[in-house]
Amino acid sequence: MGWNSWDSYGATINEGDFKANAGWFAEHLRPYGWQYVTVDMEWFVSNPVPEGNGKASTYSFDTYGRYIPALNRFPSSANGAGFKALADYVHSLGLKFGIHILRGVPKSAVEKKLPIEGSPYTADSAADPADTCPWNPDNYGTNPAHPAAQAYYDSIARLYAQWTVDLIKVDCISSRPYKGDDIRMLRLALNKTGRSIALSLSPGAAPLDKTAEMRKYAEQWRISDDIWDLWHSDVAYPQGLGDQFPRAAEWAALVQAGHWPDADMLPIGYLGPAPGWGQARQTRLTHDEQRTLLTLWCIFRSPLMIGANLTVMDPWTTSLLTNREVLAVDQASADNRQLFATGKVVVWMARPEGGRGYYLAVFNLDEAEQKVEYGWKDLGLAESSYSLRDLWEHKDLGSSPALSLSLAPHGAALFRVAAGPPH
């Protein structure tokens, strides 16, 4: 559970804005279990563009060809401090600090044949110039057959451990193309540091048949390309909320504690001043769609990474992120699964890790209001009468011989269901 700078700042986040968001996060979200704050892509570029991947980027390196924070954006990185001072600030708030990187070796380090710190190799030995990320010009891919590749990853892992980083989101590694050797080398490098550093893999869709390998090396991996504030998309990038339902259903049985399929960030609240996609705006998802987003992510047990500009947070968005009963579904449930999907209605169920009963989520995929009625046996439950608690509204609804409700367009409901009287 955390915050990532991409949805609101794209590649332009600076130290002042990051600290302001982290401060709000610590005060308002940390008490509800939220932990991580993450600087997203190209923090080492002094002239970034919001969408990243600029062709005229000016990069910041150390003498070993490792990216370091751009001084004009992160002044506390002066004199070789890197992100240590910013990480110290984050840790002083009781939070954990994350950064985004791209797989591979910086092109400039390769072309200059810079030495790899702590090794006899140079960067050109670590790289495969024929392997580049399809959508980002910063790095060459690695040559896993040469020990210099592992040595380079070891060198950056040591640097990040010195900065006391807690999470690394690695991009262009889990899809288009999937890079299993790089995932393995990065985990080995992180383990060598002796510091506990979570590994997050991006983008999606990560391949289902690589689940065992990803579980072995990573804490989370993306199941789709970037999700933004729209219901449906006909193109690969961006994707919409409604597009995520079949993917979540496909991955649900593969969720494992400590190793999480990731449904991507939560594009709610104010997305600005420089979002990674589109113009600055208040999220275009309706209130009902926003509840649907949180409901699906929680019943699926996805990591929750908020993308809003927290410095201009509104009460509605805050209420979505501080509902303890809803967050408990994400953080403490089991046997999460889609029961069925009719084309217009989707129903999920899970069990609370503690206590009796079930969690039940009902979704309306249609643009019109839907009346939903199911007998409990239709949902696989034997007893004739169940009590319902509406987790979004914190209301006990009494006992009922069936599930009967109306759902707004693209709306959702989330219940705690138990046999007998309300618990």
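Closest heavy-atom contact between G240 and S233: N-CB, 4.2 Å. Of all non-hydrogen atoms in N143 and A149, the two that sit nearest each other are O-CB, 3.4 Å. Nearest heavy-atom pair, L321 versus L266, reported as atom, atom and distance to 0.1 Å: CD2-CD1, 4.3 Å. Residues L391 and V329 come closest through the heavy atom pair CD1-CG2, 3.8 Å. Considering every non-hydrogen atom in both S174 and P207, the closest pair reads O-CD, 3.4 Å. In terms of heavy-atom proximity, L365 sits nearest to V346 at CD1-CG2, 3.6 Å.
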Return all side-chain donor-acceptor pairs below 3.5 angstrom for residues 301-312, not counting sequence neighbours, or 'none' if the list is empty.
{"unit_1": "R301", "atom_1": "NE", "unit_2": "D330", "atom_2": "O", "d": "2.7"}
{"unit_1": "R301", "atom_1": "NH1", "unit_2": "S333", "atom_2": "O", "d": "2.7"}
{"unit_1": "R301", "atom_1": "NH1", "unit_2": "E353", "atom_2": "OE2", "d": "3.4"}
{"unit_1": "R301", "atom_1": "NH2", "unit_2": "D330", "atom_2": "O", "d": "3.3"}
{"unit_1": "R301", "atom_1": "NH2", "unit_2": "Q331", "atom_2": "O", "d": "2.7"}
{"unit_1": "S302", "atom_1": "OG", "unit_2": "A263", "atom_2": "N", "d": "3.0"}
{"unit_1": "N309", "atom_1": "OD1", "unit_2": "Y9", "atom_2": "OH", "d": "3.2"}
{"unit_1": "N309", "atom_1": "OD1", "unit_2": "T311", "atom_2": "N", "d": "3.0"}
{"unit_1": "N309", "atom_1": "OD1", "unit_2": "T311", "atom_2": "OG1", "d": "2.6"}
{"unit_1": "N309", "atom_1": "ND2", "unit_2": "Y9", "atom_2": "OH", "d": "3.2"}
{"unit_1": "N309", "atom_1": "ND2", "unit_2": "G272", "atom_2": "O", "d": "2.9"}

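Looking only at side-chain heavy atoms (C-beta outward), D229 and E289 stay at 4.5 Å or farther from each other. Counting only heavy atoms from C-beta outward, the side chains of I197 and L167 never approach each other to under 4.5 Å. Under the 4.5 Å side-chain criterion, counting only non-hydrogen atoms from C-beta, H28 is not in contact with T322. L95 places none of its side-chain heavy atoms less than 4.5 Å from the side chain of Q35. Inter-residue side-chain proximity for L230 and P238 is flagged as met; some heavy-atom pair is nearer than 4.5 Å. Within the 4.5 Å cutoff, no side-chain heavy atoms of Y358 are placed close to those of D335. Side-chain contact between Y160 and I99 is present, with heavy atoms from C-beta onward closer than 4.5 Å. Two residues are said to be in side-chain contact when any heavy atoms from C-beta on lie closer than 4.5 Å; V90 and K96 fail this criterion.
Under the salt bridge (charged side-chain N to carboxylate O under 4.0 Å, His left out) criterion, no residue pair touches residues 359-374, with sequence neighbours excluded. Applying the side-chain hydrogen bond (donor to acceptor under 3.5 Å, both in side chains) test to every pair with at least one member in residues 190-207, sequence neighbours left out, gives these pairs: D154-K192, D166-R195, D171-S202, R187-N191, S200-Q220, S202-R222. Sequence neighbours left out, not one pair with a member in residues 14-35 passes salt bridge (charged side-chain N to carboxylate O under 4.0 Å, His left out).
Two rings, from W297 and F300, have their centers 6.0 Å or more apart. Between Y359 and F415, a ring centre-to-centre spacing not shorter than 6.0 Å is recorded. A ring-centre distance under 6.0 Å is found for F340 and Y374.
Between the side chain of T292 and the main chain of H410, a donor-acceptor pair closer than 3.5 Å is present. Side-chain N or O atoms of R281 include one that pairs as donor or acceptor with a backbone N or O of Q279 at under 3.5 Å. With T342 contributing its side chain and V345 its backbone, the two residues share a donor-acceptor pair below 3.5 Å. Listed for the Q239 side chain is a donor-acceptor partner under 3.5 Å among the backbone atoms of V235. At least one donor-acceptor pair under 3.5 Å links the side chain of N139 to the backbone N or O of R103. Judged by distance alone, the side chain of T283 and the main-chain N or O of P267 form a donor-acceptor pair under 3.5 Å. Checking side-chain atoms of S175 against main-chain N and O of P203 turns up no donor-acceptor pair under 3.5 Å. One N or O on the side chain of S5 and one on the backbone of D40 form a donor-acceptor pair closer than 3.5 Å. Side chain of E51 to backbone of G276: no donor-acceptor contact under 3.5 angstrom is found. Of the possible polar contacts, none joining the T317 side chain to the M313 backbone as a donor-acceptor pair under 3.5 Å is found.
We find that D243 and R247 are not joined by a salt bridge, their nearest charged nitrogen and carboxylate oxygen being 4.0 Å or further apart. Under 4.0 Å is where a charged nitrogen must lie from a carboxylate oxygen, and between R389 and D396 at least one such pair does. Here R291 does not pair with D288 in a salt bridge; the nearest charged N to carboxylate O distance is not below 4.0 Å. With respect to the salt-bridge test (charged N to carboxylate O, under 4.0 angstrom), the residues R416 and E325 do not qualify.
In terms of the side-chain contact (heavy atoms from CB on, under 4.5 Å) criterion, residue partners of A87 (sequence neighbours excluded) are, by chain and number, H91, F97, T164. Considering only residues two or more places apart in sequence or on other chains, C298 meets the disulfide bond (SG atoms under 2.5 Å apart) condition with none of them.
Interatomic distance, L159 CG to I68 CD1, rounded to the nearest 0.5 Å: 8.5 Å. Considering CD1 of I223 and CH2 of W251, their distance stands at 8.0 Å, rounded to 0.5 Å. To the nearest 0.5 Å, the span separating CD1 on I268 from CG on L285 amounts to 8.5 Å. Expressed to the nearest 0.5 Å, how far CH2 of W260 lies from CG of D262 amounts to 11.5 Å. Rounding to the nearest 0.5 angstrom, the gap separating the CG atom in N14 from the CG atom in N72 is 9.0 Å. Between the CG atom of L294 and the CG atom of L327 there is a distance of 7.5 Å, given to the nearest 0.5 Å.
Test F18, F44, F83 against F74 for ring-ring contact (aromatic ring centres under 6.0 Å, His included) and you get one pass: F83.
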Go through the steps to decide whether N53 and M41 satisfy the test side-chain contact (heavy atoms from CB on, under 4.5 Å), and finish with yes or no.
CA-CA 9 Å; N53 314 311; M41 73 179 297; 3.3 Å; yes
Could you give me the CA-CA distance, side-chain angles and deciding distance for K344 and Q370, then say whether side-chain contact (heavy atoms from CB on, under 4.5 Å) is met?
CA-CA 8 Å; K344 292 185 177 182; Q370 293 292 318; 3.9 Å; yes
Residues W392, T295; criterion side chain to side chain donor-acceptor pair (under 3.5 Å); working and verdict:
CA-CA 9 Å; W392 279 113; T295 302; 2.8 Å; yes
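Remark: R324 qualifies as a cation-pi partner of Y32 under the 6.0 Å distance and 45° angle criteria applied to the six-membered ring.
Checking Y59 against D138 by side-chain atom types alone, a donor-acceptor pair falls below 3.5 Å. A donor atom on one side chain and an acceptor atom on the other are not found under 3.5 Å apart for T38 and N4. Side-chain atoms of S224 and Q244 form a donor-acceptor pair, as typed in the model, at a separation below 3.5 Å.
Between Y67 and W43, the angle of the ring planes goes over 60°, which puts this pair in the perpendicular group of the 30/60° scheme. Ring geometry for Y386 versus W376: interplanar angle of 30 to 60°, hence tilted.
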